[in-house]
Each structure stands twice: as C-alpha cells, then as structure tokens.
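To start, the structure itself, in structure tokens.
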Amino acid sequence: MLNPIDTDTVICDGRVAGVFPDEIHEGVAWWIAACFVVVSQTRQMAVAQDGHPTTTEFHRQFCHGAINARHFGCQVFSLGAADETQLLHAMKTLGRVPGARLSTTGDGERPTVTIRLYDAAGRPVTEDTGLAGLREMIASDQVPIPVNDQAKGSITERRDLVEIP
C-alpha cells in the first residue's frame, strides 16, 4: 500500500480522524469512500464538508473514491459546506441515502481532519455497522481500485439541499 496509515489509530471511536499530514492524508478520504460504498452497497450518497481550506481536498478525494468503488456506479451528491443537521436533512430528502461529513479543526501546521459516516437512516456508522469492515479493508490493502469510465459513478453538486425549509 502506498503511504499506509495506522488504521487502528485513525479509524476508531465512531469516526475517521487524524492529524494532517502526520496521521492522515488526502488519499485516506478516497480509501474510506470507496470502502464505505462497498461495505454499505450503496448506489447514492450525500457528502458535505465544513468549508475549511484543508477539508476541501479531502472532500474532493472522498467524492472521487465513492464514484470509483467497484461496479456500484455510485451517484455522489456534493452539498458543499453544510453542518450535520443540513447533511441529515439532505440525506432524507434524497430518499434516505447514506452520507458523510468531513471537517477540520485547528488552523496551525497540524490540523485534525475528521470524516464522519452516516447510514441511510441518518445514524452514525459505528464499529459494528461498518467501521470495522472499513478498517479491515484498508489494513489488508483491499481498497477497491479505480474502475473504467463505464462503471464509474458521478458527482452532482446539490448545494440547493443545504437550506432547510
């Protein structure tokens, strides 16, 4: 595996998180998304971020990982900057699809990037509902490889879903 991580440290306690660039890097977002699509067997997903400059590239990589997950052809709805409440509303509006929110804390040279995953019912993904499977796939170098263009999903900007009526 190119640029491995300590999966037990980064994927735990109901989230994926680490200090950037020491414990986590942008490629981890790609890995997490591709594995999440496979583990959840989803064909649609909503993805939001906090708008922090560090989060932007993680968000982009996450979306590309999701659309490249095996034969799922996952449709990613990118919400842009949104808080958890807005993400959960969008997931429900889209027909109860799984989701993810990426955020960064700290503005210094060592910010912490966090990826939180949600199942289709809006519940956080836990050890028992998917994190253990994600960690195992990454630790054993079983991250899905990119697919050809015919099998690839797509990314649709849906900032309109961020506003709660």
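FYI, the numbering just counts along the sequence from 1. All values below were derived from every heavy atom in this structure, side-chain atoms included, with hydrogens, water molecules and symmetry-related copies excluded.
Counting only heavy atoms from C-beta outward, the side chains of Leu87 and Glu84 never approach each other to under 4.5 Å. Using a 4.5 Å cut-off on side-chain heavy atoms (C-beta onward), Phe20 and Thr112 make no contact. Counting only heavy atoms from C-beta outward, the side chains of Leu94 and Gln44 never approach each other to under 4.5 Å. Between Ile138 and Ile11 the shortest side-chain heavy-atom distance falls below 4.5 Å. Annotation: side chain of Gln49 is not in contact with side chain of Phe62 (no heavy-atom distance under 4.5 Å). You'll find the side chain of Pro21 stays beyond 4.5 Å of the side chain of His25, heavy atoms only. Residues His89 and Leu161 form no side-chain contact, since every pair of their non-hydrogen atoms from C-beta on lies 4.5 Å or further apart. Residues Leu134 and Leu117 form a side-chain contact, since some pair of their non-hydrogen atoms from C-beta on lies under 4.5 Å apart.
Listed by chain and number, the residues in a side-chain hydrogen bond (donor to acceptor under 3.5 Å, both in side chains) with Thr55 are Asp50, Thr104 (sequence neighbours excluded). Scored by the side-chain hydrogen bond (donor to acceptor under 3.5 Å, both in side chains) test, Glu157 finds Arg159 as partners (sequence neighbours excluded). For Tyr118, there are no ring-ring contact (aromatic ring centres under 6.0 Å, His included) partners, not counting sequence neighbours. Residues satisfying the ring-ring contact (aromatic ring centres under 6.0 Å, His included) criterion with Phe77, sequence neighbours excluded, are absent altogether.
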For Ser154 and Gln75: C-alpha separation, side-chain torsions, deciding distance, then whether side-chain contact (heavy atoms from CB on, under 4.5 Å) applies. CA-CA 5 Å; Ser154 61; Gln75 171 71 42; 2.6 Å; yes
From CA spacing to verdict: side-chain contact (heavy atoms from CB on, under 4.5 Å), Met137, Val38: CA-CA 10 Å; Met137 287 178 78; Val38 171; 4.1 Å; yes
Determine whether Val16 and Ile24 satisfy the following criterion, side-chain contact (heavy atoms from CB on, under 4.5 Å), listing intermediate values before the conclusion. CA-CA 9 Å; Val16 178; Ile24 194 169; 4.3 Å; yes
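Checked by atom type and distance alone, the side chain of Arg101 pairs as donor or acceptor with a backbone atom of Ala82 at under 3.5 Å.
Linking Ile, Leu, Val, Met, Phe, Trp and Tyr residues whenever their side-chain heavy atoms come within less than 4.5 Å leaves Val147 and Phe72 in two separate clusters. In this structure, Val162 is a member of the same hydrophobic cluster as Leu88, with clusters built from ILVMFWY side-chain heavy atoms closer than 4.5 Å. Note: the hydrophobic cluster containing Ile155 also contains Trp31 (ILVMFWY, side chain heavy atoms under 4.5 Å, direct or indirect links).
Distance check: Ile67 CD1 to Trp30 CH2 gives 9.0 Å after rounding to the nearest 0.5 Å. With values rounded to the nearest 0.5 angstrom, Ile32 atom CD1 is found 11.0 Å from Phe58 atom CZ. Here the CG atom belonging to Leu102 is positioned 12.0 Å from the OG1 atom belonging to Thr54, to the nearest 0.5 angstrom.
Under the side chain to side chain donor-acceptor pair (under 3.5 Å) criterion, the residue pairs touching residues 59-69 are Glu57-Arg60, Glu57-Gln61, His59-Ser78, with sequence neighbours excluded.
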Just distance, no hydrogens or angles: give the donor-acceptor pairs under 3.5 Å from side chains in residues 120-132, sequence neighbours left out.
| from | atom 1 | to | atom 2 | distance (Å) |
| --- | --- | --- | --- | --- |
| Arg123 | NE | Asp119 | OD2 | 3.1 |
| Arg123 | NH2 | Asp119 | OD2 | 3.1 |
| Thr126 | OG1 | Asp128 | N | 3.4 |
| Thr126 | OG1 | Thr129 | N | 3.4 |
| Thr126 | OG1 | Thr129 | OG1 | 3.1 |
| Glu127 | OE1 | Arg135 | NH2 | 2.4 |
| Glu127 | OE2 | Arg135 | NH1 | 3.1 |
| Glu127 | OE2 | Arg135 | NH2 | 3.3 |
| Thr129 | OG1 | Thr126 | N | 2.7 |

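When all heavy atoms of Pro144 and Cys35 are compared, the closest pair comes out as CD-SG, 3.9 Å. When every heavy atom of Ala66 is checked against every heavy atom of Cys74, the shortest pair comes out as O-CB, 3.4 Å.
Residues Glu23 and Thr9 have side chains that never bring a donor and an acceptor to within less than 3.5 angstrom of each other.
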